[in-house]
Number of protein chains: 2
Amino acid sequence: MRAHTGRRRNDAAKAAILAAATDLLAEGQPVTLGAIAGRAQVGKQTIYRWWPSKGAVVLEAMTERARSLAPTASTGSLEGDLEAFVAATFTAAGTPEYAATLRGIVSEALRDEHAAAVLAEFTADRREQLYLIIERWLPDVDADLAVDQVYGVLWYRILIGHATVDDAAGRQLAATIAAQLRAAS
Amino acid sequence: MRAHTGRRRNDAAKAAILAAATDLLAEGQPVTLGAIAGRAQVGKQTIYRWWPSKGAVVLEAMTERARSLAPTASTGSLEGDLEAFVAATFTAAGTPEYAATLRGIVSEALRDEHAAAVLAEFTADRREQLYLIIERWLPDVDADLAVDQVYGVLWYRILIGHATVDDAAGRQLAATIAAQLRAAS
DNA sequence: ACTAGTCGAGACCGATGGTACCGTCAAGAT
DNA sequence: ATCTTGACGGTACCATCGGTCTCGACTAGT
């Protein structure tokens with residue numbers, strides 16, 4: 001077994017693929033393998049050297065972007081922290097491009113097991129962040145259901161599209177959940 | 001302009017197509033046009049005489065089945081009615097076959113605008129039923145957010161698969177939502 | 001120099017959603 | 001009774017998509 005020989009993988013290629021995928025998602029264009037490879041100036045085989053399936057590519061592209069938003073600075077109260085986090089999340093997720101992206105992610109995850117695994121990991125990470133905020137103020141309360149209520153409303157509204165996902169909705173929901181958690185503690 | 005001539009449409013064909021689609025969904029097999037047409041002993045063209053796209057077929061098939069569950073008999077209190085309805089909904093939706101069906105529905109809706117329209121109509125109908133239960137006891141409260149919390153948790157958990165959707169979860173959620181509505185009224 | 005392994009590019013494959021066309025069949029119009 | 005209209009089952013066909021295979025070019029370690 002040799003250590004390693006041959007040409008090394010090009011990180012620039014990986015970055016270009018992810019950038020192409022995010023661009024297509026943001027523009028609402030159909031995210032096909034050919035489109036990604038073409039826009040990234042990359043061979044399709046190169047994509048499969050880095051990811052096991054198309055869904056995995058798309059999900060990693062979006063996960064990378066989504067992780068950036070996570071205001072965890074404390075405002076001095078459970079209510080304040082919760083409102084800040086949920087409102088910021090709703091505001092970001094409610095933009096048309098972002099909502100379209102999230103819908104695309106679910107669409108991929110429902111058809112590709114690799115993508116489903118990445119989506120599960122991504123959502124687990126987001127729930128964990130919210131859970132940490134709650135735990136900071138109410139360490140002994142069972143927050144699983146409350147956390148699912150927050151992200152449930154978010155995803156449900158984005159997928160169905162019957163109600164708005166914006167700052168106001170986030171604040172209202174945060175206040176409701178905070179009161180619910182207070183009552184349960 | 002003549003009134004109408006020619007052979008009439010065969011409702012048996014429509015029923016056979018819907019039955020084939022539901023069967024495939026329930027069995028977890030890939031729901032392709034060819035599979036539907038083959039199992040229903042029907043030409044593909046006949047499917048397109050009744051529906052505009054594949055997604056619309058699948059959604060109508062599932063909508064038909066889902067509408068059947070709707071216990072609206074009153075138990076004597078908001079808490080009781082809510083618990084009965086939500087628990088029954090969670091129990092039904094949490095079965096593996098049904099959950100797979102719901103995931104399939106979303107998958108279709110995300111790729112087909114006709115299917116999306118049917119899904120929007122279907123979910124609106126379900127929300128309306130829950131809304132009516134709440135309105136019976138608290139006619140003046142704004143229940144939109146509470147309703148979305150219930151169905152949000154349901155869909156979110158089914159799509160991500162990180163937590164169970166069963167009778168116990170439904171009861172816990174119903175109790176929480178009932179308390180929240182009481183506090184808001 | 002040699003070798004192994006990545007690179008972009010494109011041909012290729014199987015499956016899928018959807019359309020076109022066929023001969024057949026049923027029912028209202030004449 | 002015959003004609004006309006349009007749905008029927010079946011099948012060939014098309015474009016597109018995810019994914020695989022192959023190719024010559026390139027590059028870094030042996």
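The basis for the numbers below is simple: all heavy atoms, side chains too, and nothing from hydrogens, waters or symmetry mates. Naming: A, B, ... by sequence-line order, numbering from 1 per chain. Treat the numbers as computed from the prediction; the structure is a model and nothing was measured.
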For [X] and [N], give me the distance from atom [atom1] to atom [atom2], rounded to whole Å.
{"X": "A:Y48", "N": "D:dG18", "atom1": "OH", "atom2": "P", "value": "7 Å"}
{"X": "A:I17", "N": "C:dT6", "atom1": "CD1", "atom2": "C1'", "value": "12 Å"}
{"X": "B:L33", "N": "C:dG14", "atom1": "CG", "atom2": "P", "value": "21 Å"}
{"X": "B:R9", "N": "D:dT5", "atom1": "CZ", "atom2": "P", "value": "18 Å"}
{"X": "B:W50", "N": "D:dG6", "atom1": "CH2", "atom2": "C1'", "value": "13 Å"}
{"X": "B:I47", "N": "C:dT19", "atom1": "CD1", "atom2": "P", "value": "12 Å"}
{"X": "A:I36", "N": "C:dA9", "atom1": "CD1", "atom2": "P", "value": "15 Å"}
{"X": "B:D11", "N": "D:dG6", "atom1": "CG", "atom2": "C1'", "value": "16 Å"}

Review point. So which nucleotide from D:dC8, C:dC7, D:dG9 ends up closest to the side chain of A:N10?
Key: C:dC7
Could one point to a donor on the side chain of [X] or the base of [N] with an acceptor on the other under 3.5 Å away?
{"X": "B:K54", "N": "C:dG18", "result": "no"}
{"X": "B:Q45", "N": "C:dA20", "result": "yes"}
{"X": "B:K44", "N": "D:dG9", "result": "no"}

Practice item. For B:V57, report the nucleic acid contact type (base, sugar-phosphate, nothing); a contact means any heavy atom under 4.0 Å. Key: nothing
Could you tell me whether the phosphate oxygens of [N], OP1 or OP2, come under 4.0 Å of any side-chain nitrogen or oxygen in [X]?
{"X": "B:R8", "N": "C:dG28", "value": "yes"}
{"X": "A:R49", "N": "C:dC7", "value": "yes"}
{"X": "B:T46", "N": "D:dA7", "value": "no"}
{"X": "A:W51", "N": "D:dG18", "value": "no"}

Exercise for review: Could you tell me whether the side chain of B:L154 reaches within less than 4.5 Å of the side chain of A:Y156, counting heavy atoms only?
Suggested key: no
Review point. Do A:E83 and A:T75 touch side chain to side chain, with heavy atoms closer than 4.5 Å?
Key: no
Check your understanding: Does B:K54 pair with B:D112 as a salt bridge, N-O distance under 4.0 Å?
Key -> no
Exercise for review: Please tell me which of B:T32 and A:K14 maps to the more 5' nucleotide of DNA chain C, matching each residue to the nucleotide holding its nearest heavy atom.
Suggested key: A:K14
Review point. Using a distance-only test with no angle check, is there a side-chain donor-acceptor pair under 3.5 angstrom linking B:R126 and B:T123?
Key: no
**Study point:** B:Q129 CD to B:F85 CZ distance, which is reported to the nearest 0.5 Å
**Key:** 5.0 Å
